[in-house]
Amino acid sequence: MSTVTVRLDVGGMSCANCSATVEEALDSLDGVEAANVNYATDEGTVEYDPERVSLAAIRDAVADAGYSLVTDSVTVSVTDMTCANCATTVEEAVAGVPGVVEADANFATDEARVVYVPSATDRDALYAAIEDAGYTPVREDDGDDGSGESAADAARREEIQRQRQLTAFGALLSLPLLGMLAAHLFAPGLLPETVPGTSLPFGWVAFALATPVQVVLGRPFYANSLKAIRNGRANMDVLIALGSTTAYGYSVVALLDLLPTTGLYFDTAALILTFITMGNWLEARSKGQAGEALRHLLEMEVDEATRLHEDGTEETVPRDEIAVGDRLKVRPGEKIPTDGVVVEGSSAVDESMVTGESVPVSKAEGDEVVGSTVNEDGVLVVEATKVGSETAIQQIVTMVKEAQSRQPDIQNLADRISAYFVPAVIANALAWGAVWYLFPEALAGFVGALPVWGLAAGGPAAVGVFEFSVLVFASAVLIACPCALGLATPAATMVGTSIGASEGVLFKGGDVLERVQDADTVVFDKTGTLTKGEMTLTDAVALGPAPDGGAVLEGEAEDAETRLLRLAATVENGSEHPIGEAVVAGARERGVTVGDATGFENVSGRGVRAFVDDAEVRVGKPEFVAETGADADAAAETVERLQSEGKTAMLVAADGELVGALAVADEVKETSAEAVAALQERGVAVHMLTGDNERTARAVAERVGIPAENVRAEVLPDEKADAVESIQADGSRAMMVGDGVNDAPALAAAFVGVAIGSGTDVAIEAADVTLMRSDPLDVVKAVRVSAGTLSKIKQNLFWALGYNTAMIPLASLGLLQPVLAAVAMAFSSVSVLANSLAFRRYDPEEDYRLLGRFR
């Protein structure tokens, strides 16, 4: 048994009991040999067997104990991965570094995302592991030429340029070979046996043209093949090297008259490498295009900002020099430099690039603004609250990149197939080559009877048994491409998460993207989700006897309604509760003077009381007011009516005298009913949770179209998680939609947690999906993007698997020339990427049924 000892930094400990708790949690893991934790230094060491327990399990055990393992993450670009098997090799190499918690390599993005313990390893160790596996990491300090282009983008640009140059070189030398091949196929005898005027056979001309192609274009495939074999994981480069070398080597031997043959295949060898290299070039270009959405987002950041000094002077400073607390002047038409809050001025701000909202949003003093959004018409002074990597733009980019590294579960199918794919292809090619050599006449008779076009190479009778067996082997090897299978999921996931980001919908991972469309139940928290979350005074109903005229307002005796509002607002003036604030604001809007009360007391869950004009005034629930002797029953009909309208009703009494009833309401958002209807159209059950009373809750539910049986009222914040779990008890997969703060436990308990309307704070840990706007229609948008992405993934997998299912038998039966096999191999990867890139034009506002429903 070989154990590893890792030093850990543990957060959240405050005493010796804490360290003992962490030690017990670690010791309980099977595979942990020893654990020591010191709360004084917030450090610990753990000795474990990596074959029995992972560092990720150790991290989770620390978290389950109520503490945190300090980790860091880095995304490393890897320039020379050529297929999904390469990505798996990189992933395994990095995961084997002591101190690495998680490693995900993505062939579609040419990146590896690594979560590691900084006290146990560092980035240099990660780079070294990638290099030891035979691949090239892009270090953070690589490619920094002052142009502002990232090292990863520079490496991708250089790779595209290299592949283009190789393609041009191969095409230049292969075109004459292609002409010779066409003449041989369609005009036999057109070309003489030797070069005119010489005794040099034309075969040596073909050799002279094909050899540089074999050396220059073949070198990367040979090098990558050796790396793959050394790592014990064959990849597509092995197939290409085998196929092209078979055609080239056979031709060299035949040219030297060491074998009897009817033809040479230098043209085949050269064209194979040229077509495959051209496919790699187009693939690299497509990968670059798939990441354009994120690059465009980053390009929208400003380079400079106008900073205001205390003396009123202005200074132009680079974006990197902006600090939290700086006041920045933003003129009409300029971009807001960073996340902040408006301290002066008012304007309309175009936030479409962050939230997907096309209508400019009004901003005034106290409102939050997002960096890189456009100030439309007024001058704003913004105080910076977040800078650098903490801004919404940077958090969005980080979240989307992390999402692209976490693949959907459906990718596991492709990974399992790819792991055995190349060895199986080689075995199949060897088997069919041998069968054709041993039983040529029987197979030729069988294939000739098939209702397909005749043998592509003319059959063994035309070119000889051994030669035809070699061609079958080369074709069967070349036709099978694991690249298309490896690209099917990550390419579509990359585009889907980018579409979501551009629409203000942030998925935490590709696995989340997959789960969203699998949710069969959506549970909305009412306040702030289906409703605006802002209480408004809607009704003031005077119920007591007419006032005696003792109080005077603006020189006139106040009427019963004015007295009701004055007493209630004066008492609530000392409250910070949203209902109290709504009562005070509503009274002032109606011209009522709000005074000061004494002896204010908030009776939790029941109401408030204070003294106004030496009288005890209570505002709250009927039973609370009735305790003073007030006749609450006289207001029962009024209270019932107000609650049936979806309002929160309360009574007001002064010295045991019923004064009247007030009602506040949290207005339903304009799009709530439309969102509920769209979800129900998909066959999704919609539920609602709220702390309101049953009557008010049902009234709101009726307005938005939620069935009464799906409403749970009077649910306290700490009971929402239990409510979600009870909804899921019958096997339902619930998507909980809340504000991401009070609803965090419920979000975590749900099959999918959605935080809605989080503004500039996009890092919602409890949520799987974060919506930048507080619009319930964005929940529908998230479902549509998820369904569209999964549709593309399934289309890609269908074509990748269908391509191999159809073409491998054709090649094995001798019905496919090696050159055509190479063309088809290159086309398969490019077609999968093209299909994914076509998804970039998808608009979730349109009818998603055009993409098909996958339940």
Side-chain angles (χ1 to χ4, degrees), residues 1-74 87-105 112-122 125-126 129 132-133 231-233 402 405-409 411-413 415-416 419-420 508-509 511-512 515 721 725 728 745 748-749 751 765-766 768:
M1 178 182 66
S2 177
T3 61
V4 175
T5 300
V6 174
R7 187 175 71 83
L8 309 174
D9 290 326
V10 182
M13 296 190 299
S14 59
C15 65
N17 286 340
C18 297
S19 59
T21 301
V22 176
E23 284 183 5
E24 290 174 4
L26 295 177
D27 285 332
S28 67
L29 293 175
D30 180 31
V32 171
E33 300 299 320
N36 294 287
V37 182
N38 187 338
Y39 87 90
T41 60
D42 290 332
E43 294 178 351
T45 59
V46 59
E47 181 183 355
Y48 67 99
D49 181 358
E51 294 185 359
R52 295 164 58 197
V53 65
S54 66
L55 197 54
I58 291 173
R59 176 199 58 186
D60 294 342
V62 174
D64 290 342
Y67 304 91
S68 61
L69 186 64
V70 177
T71 61
D72 198 357
S73 64
V74 62
T88 303
T89 301
V90 170
E91 193 172 292
E92 291 177 350
V94 174
V97 176
V100 169
V101 179
E102 294 177 3
D104 293 290
R113 180 179 176 272
V114 187
V115 178
Y116 63 97
V117 177
S119 58
T121 190
D122 56 22
L126 306 180
D132 289 343
N231 291 320
R233 185 182 291 276
E402 291 180 357
S405 71
R406 286 171 49 182
Q407 294 302 317
D409 292 338
Q411 177 65 17
N412 294 333
L413 168 66
D415 290 342
R416 287 195 297 269
Y420 303 100
K508 187 169 283 188
D511 52 338
V512 173
R515 290 207 308 272
E725 289 177 349
Q728 296 183 132
F751 180 68
E765 290 299 326
D768 298 306

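All values below were derived from every heavy atom in this structure, side-chain atoms included, with hydrogens, water molecules and symmetry-related copies excluded.
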Check your understanding: Closest approach of Met13 and Asn38, non-hydrogen atoms and distance?
Key -> CE-O, 3.7 Å
Study note, to complete from the structure: Rounded to the nearest 0.5 Å, the CG atom of Asp49 sits from the CD atom of Glu33 at a distance of 7.0 Å
Exercise for review: Quick one: pull up OG1 in Thr121 and CG in Leu126 and give me the separation to the nearest 0.5 Å.
Suggested key: 5.0 Å
Review point. Atom CG in Asp30, atom CG in Asp27: separation rounded to 0.5 Å?
Key: 12.0 Å
Review point. Among all residues two or more places apart in sequence or in another chain, which pass the side chain to side chain contact (heavy atoms under 4.5 Å, CB included) test with Ala25?
Key: Ala65
**Study point:** Partners meeting side chain to side chain contact (heavy atoms under 4.5 Å, CB included) with Ala95 (sequence neighbours left out)
**Key:** Ala103
Study note, to complete from the structure: Note: Ala87 and Ala105 closest approach over all heavy atoms is O-CB, 3.2 Å
**Study point:** Within residues 12-25 or reaching into it, pairs that qualify as side-chain hydrogen bond (donor to acceptor under 3.5 Å, both in side chains) - sequence neighbours excluded
**Key:** none
Practice item. Considering non-hydrogen atoms only, spot the tightest contact between Pro118 and Asp72 and give its length. Key: CD-N, 3.8 Å
Point to revise | Qualifying residues under side chain to side chain donor-acceptor pair (under 3.5 Å), relative to Glu43, sequence neighbours excluded | key: Arg7
Exercise for review: Starting from the C-alpha separation in whole Å, work towards a yes-or-no answer on side chain to side chain contact (heavy atoms under 4.5 Å, CB included) for Val94 and Tyr116.
Suggested key: CA-CA 10 Å; Val94 174; Tyr116 63 97; over 6 Å; no
**Study point:** Short N-O contact, Lys508 and Asp768, less than 4.0 angstrom
**Key:** no
**Study point:** Shortest non-hydrogen contact between Arg113 and Ser73, atoms and distance
**Key:** NH2-CB, 4.3 Å
Exercise for review: With sequence neighbours left out, write down each residue that passes side chain to side chain contact (heavy atoms under 4.5 Å, CB included) with Pro50, or none if nothing qualifies.
Suggested key: Val4, Tyr48
Exercise for review: With sequence neighbours excluded, give me every side-chain hydrogen bond (donor to acceptor under 3.5 Å, both in side chains) pair touching residues 53-70.
Suggested key: Arg59-Glu102
Check your understanding: When you look at Val62 and Leu26, which way does the side chain to side chain contact (heavy atoms under 4.5 Å, CB included) test go after all the steps?
Key -> CA-CA 7 Å; Val62 174; Leu26 295 177; 3.9 Å; yes
Point to revise | Smallest separation among heavy atoms of Val70 and Gly11, with atom names | key: CG2-N, 4.4 Å
**Study point:** Nearest non-hydrogen partners of Ile58 and Val53, listed with the distance
**Key:** CG1-CG2, 4.4 Å
Practice item. Kindly write out the residues that satisfy salt bridge (Lys or Arg N to Asp or Glu O under 4.0 Å) with Glu725, not counting sequence neighbours, or none if the list is empty. Key: none
Check your understanding: Are the side chains of Arg515 and Val512 in touch, meaning some heavy atoms are under 4.5 Å apart?
Key -> yes
Review point. Between Asp9 and Val117, is a side chain to side chain contact (heavy atoms under 4.5 Å, CB included) present by the stated rule, with each step listed?
Key: CA-CA 8 Å; Asp9 290 326; Val117 177; over 6 Å; no
Check your understanding: Mind checking what makes side chain to side chain contact (heavy atoms under 4.5 Å, CB included) contact with Ala34, not counting sequence neighbours?
Key -> Glu47
